[in-house]
Protein chains: 2
Amino acid sequence: MVSLSQPAYSRLDVEERRRRLLEMGTELFTRHSYDELSMADIARHAGISKGLMYHYFPSKRDYFVATLQQAATELAAVVEPSGTGTPLEQLTASVDAWLTWIDANAEAYAKLMQSATSVGEVRELIEGIREATAQRILDGLSPDSEPPPAVRSAVKGWLWFMDGVLLDWVAHRDIGRSALRDQLLGTLLGALAAAAGPDAAEISTAG
Amino acid sequence: MVSLSQPAYSRLDVEERRRRLLEMGTELFTRHSYDELSMADIARHAGISKGLMYHYFPSKRDYFVATLQQAATELAAVVEPSGTGTPLEQLTASVDAWLTWIDANAEAYAKLMQSATSVGEVRELIEGIREATAQRILDGLSPDSEPPPAVRSAVKGWLWFMDGVLLDWVAHRDIGRSALRDQLLGTLLGALAAAAGPDAAEISTAG
DNA sequence: TCGCTTGTTGACCATCGGTCGATAACCGTA
DNA sequence: TACGGTTATCGACCGATGGTCAACAAGCGA
């Protein structure tokens with residue numbers, strides 16, 4: 001009477017299990033915030049024991065970050081400049097791709113930005129992206145020389161500007177995508193002009 | 001032998017105790033991050049029991065937010081526009097005051113921004129400040145009419161720009177305060193120009 | 001000196017992230 | 001079909017944390 005014909009659980013291939021857990025995680029974490037979910041919750045939701053979660057992911061944070069990795073790499077590929085055209089053209093294309101992606105994944109983007117609230121790793125991840133992007137832009141501006149502090153500051157700040165505008169955008173949705181792209185790029189030029197000093201303000205509009 | 005002449009603890013007036021706890025908190029939280037400190041730690045540091053902490057503050061988050069309140073109101077008063085002069089002059093003064101405050105409290109500012117990482121309430125607090133500030137600026141731009149989406153977006157994004165630039169500033173400290181102020185204001189003008197459309201870019205430099 | 005008010009304590013609880021030895025499902029082999 | 005080894009999986013357990021609460025006692029007024 002004790003032994004049932006059906007096994008108490010089914011063994012899955014490691015990669016298969018891992019894949020399922022990640023898939024489920026991406027969905028769970030877009031619906032609930034990081035600390036709304038306990039590992040016990042997640043495990044229960046997956047129909048496995050909590051211990052097994054830790055067999056596949058060393059920590060809750062690791063699990064969370066891993067669920068973002070997929071979207072992150074996909075996103076990085078999209079924004080990656082083509083390598084052809086002037087730096088400004090490349091940047092325009094990148095921003096355009098970036099906006100298109102967010103347009104389609106607004107919820108995920110907002111959730112990501114908000115999740116920086118709970119998970120320090122995400123903040124570092126975002127900060128890392130900003131840093132790398134800033135470096136690319138600065139390289140495009142002056143490939144060889146060290147940029148003046150004001151220019152570095154302007155580019156860095158502009159990336160914050162983008163996130164602020166984009167969060168506003170996904171919240172309101174009352175601006176066209178191409179108009180927004182032009183506005184973003186225009187602001188970068190304005191910021192660079194301001195960085196060059198008030199006397200040089202006409203530089204940005206002259207070119 | 002059991003009873004000592006000295007009492008085991010001393011009773012303090014409620015407001016006095018609360019004041020001390022807040023004062024100690026502001027100092028503790030600028031040295032350690034939110035989740036580096038447990039309530040037990042804090043209580044031990046204050047020489048009281050953990051239970052008493054919860055007698056004065058309903059939760060750890062509440063305690064944390066309360067410690068920020070003091071600095072936040074002080075800061076709001078500093079940045080509050082004088083009410084005299086043109087909107088641009090008022091804004092200039094506000095930014096200047098803002099930079100001066102950060103110059104003196106760089107550590108606290110960076111810590112605050114970073115602590116948004118751990119405590120959702122702080123993020124909401126910052127977001128609330130941005131919202132209110134944006135409204136003030138928009139009122140200064142066009143007191144009566146609803147601003148166009150692009151303008152609202154530009155102002156909102158500029159406030160993010162500020163935080164990005166300021167974090168960069170406190171990290172590097174390689175820009176003069178007045179130069180930075182001019183750069184910030186110049187960027188706002190550039191952002192507004194970009195919001196008005198690429199054709200109207202000369203507006204910002206014409207004035 | 002007594003008794004009341006209430007600031008204060010310390011034991012206690014649920015939950016969380018995380019660990020680990022035991023168990024049993026599945027596969028290769030005979 | 002039975003067996004044995006591999007290892008995916010379980011579930012009991014741990015220390016720490018945020019939070020609760022009944023009981024205690026410091027200080028004050030009568």
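First the proteins, then the strands, lettered A, B, ... as listed; each starts at 1.
Between A:H55 and the phosphate of D:dA8, there is a side-chain N or O to OP1/OP2 separation shorter than 4.0 Å. Residue B:Y54 places at least one side-chain N or O under 4.0 Å from the OP1 or OP2 atom of D:dG19. Between B:R17 and C:dT8, a side-chain N or O to OP1/OP2 separation shorter than 4.0 Å is present. Close to D:dT9, at under 4.0 Å from its OP1 or OP2, lies a side-chain N or O of A:Y56.
Along DNA chain D, the nucleotide nearest B:Y9 and the nucleotide nearest B:Y34 are compared for position; the residue whose nucleotide lies closer to the 5' end is B:Y34. Along DNA chain C, the nucleotide closest to B:R11 and the one closest to B:M53 are compared, and the more 5′ of them pairs with B:R11.
For the pair B:E36 CD and D:dT17 C1', the interatomic distance rounds to 15 Å; values are reported in whole Å. A straight line from CG of B:L12 to P of C:dT9 spans 10 Å, rounded to a whole angstrom. As a whole-Å value, the separation of A:L52 CG from C:dA25 P is 15 Å. Following rounding to the nearest Å, B:F57 (CZ) and C:dG7 (C1') show an atom-to-atom distance of 15 Å. Whole-Å rounding puts the B:L21 CG to C:dT8 P distance at 9 Å. Between the CD atom of B:E16 and the P atom of D:dG27 there is a distance of 14 Å, rounded to whole Å. Spacing between atom CD1 of B:I42 and atom C1' of D:dG19 amounts to 13 Å, rounded to whole angstrom units. Counting to the nearest Å, the C1' atom of C:dG17 and the CG atom of A:L37 are 14 Å from each other.
Remark: the A:K50 side chain and the D:dG11 base include no donor-acceptor N/O pair separated by less than 3.5 Å.
Picking from C:dG18, D:dT17, D:dA8 the nucleotide with the shortest atom distance to the side chain of A:K60 gives C:dG18. The nucleotide whose nearest atom lies closest to any side-chain atom of A:S10 is, among C:dT9, D:dT9, C:dC26, C:dC26. With C:dT23, C:dT8, C:dG17 as the choices, the nucleotide that has an atom nearest any side-chain atom of A:M39 turns out to be C:dG17.
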message: salt bridge (charged side-chain N to carboxylate O under 4.0 Å, His left out) for B:R44 and B:D41? Distances and angles first, verdict last.
response: CA-CA 5 Å; B:R44 195 178 318 123; B:D41 288 337; 3.3 Å; yes
- request: Decide yes or no on salt bridge (charged side-chain N to carboxylate O under 4.0 Å, His left out) for B:E23 and B:R20, but give the supporting numbers first.
  value: CA-CA 5 Å; B:E23 183 180 358; B:R20 288 194 194 181; over 6 Å; no
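A:S49 comes within 4.0 angstrom of a nucleotide base, judged by non-hydrogen atoms across all strands.
Using a cut-off of 4.0 Å between Lys/Arg side-chain N and Asp/Glu carboxylate O, B:R19 and B:E16 are scored as salt-bridged.
For the residue pair A:W98 and A:L75, the shortest heavy atom distance occurs at CZ3-CD2, 3.3 Å.
Between A:Y34 and A:F29, the two ring planes are parallel [angle under 30°; tilted spans 30° to 60°].
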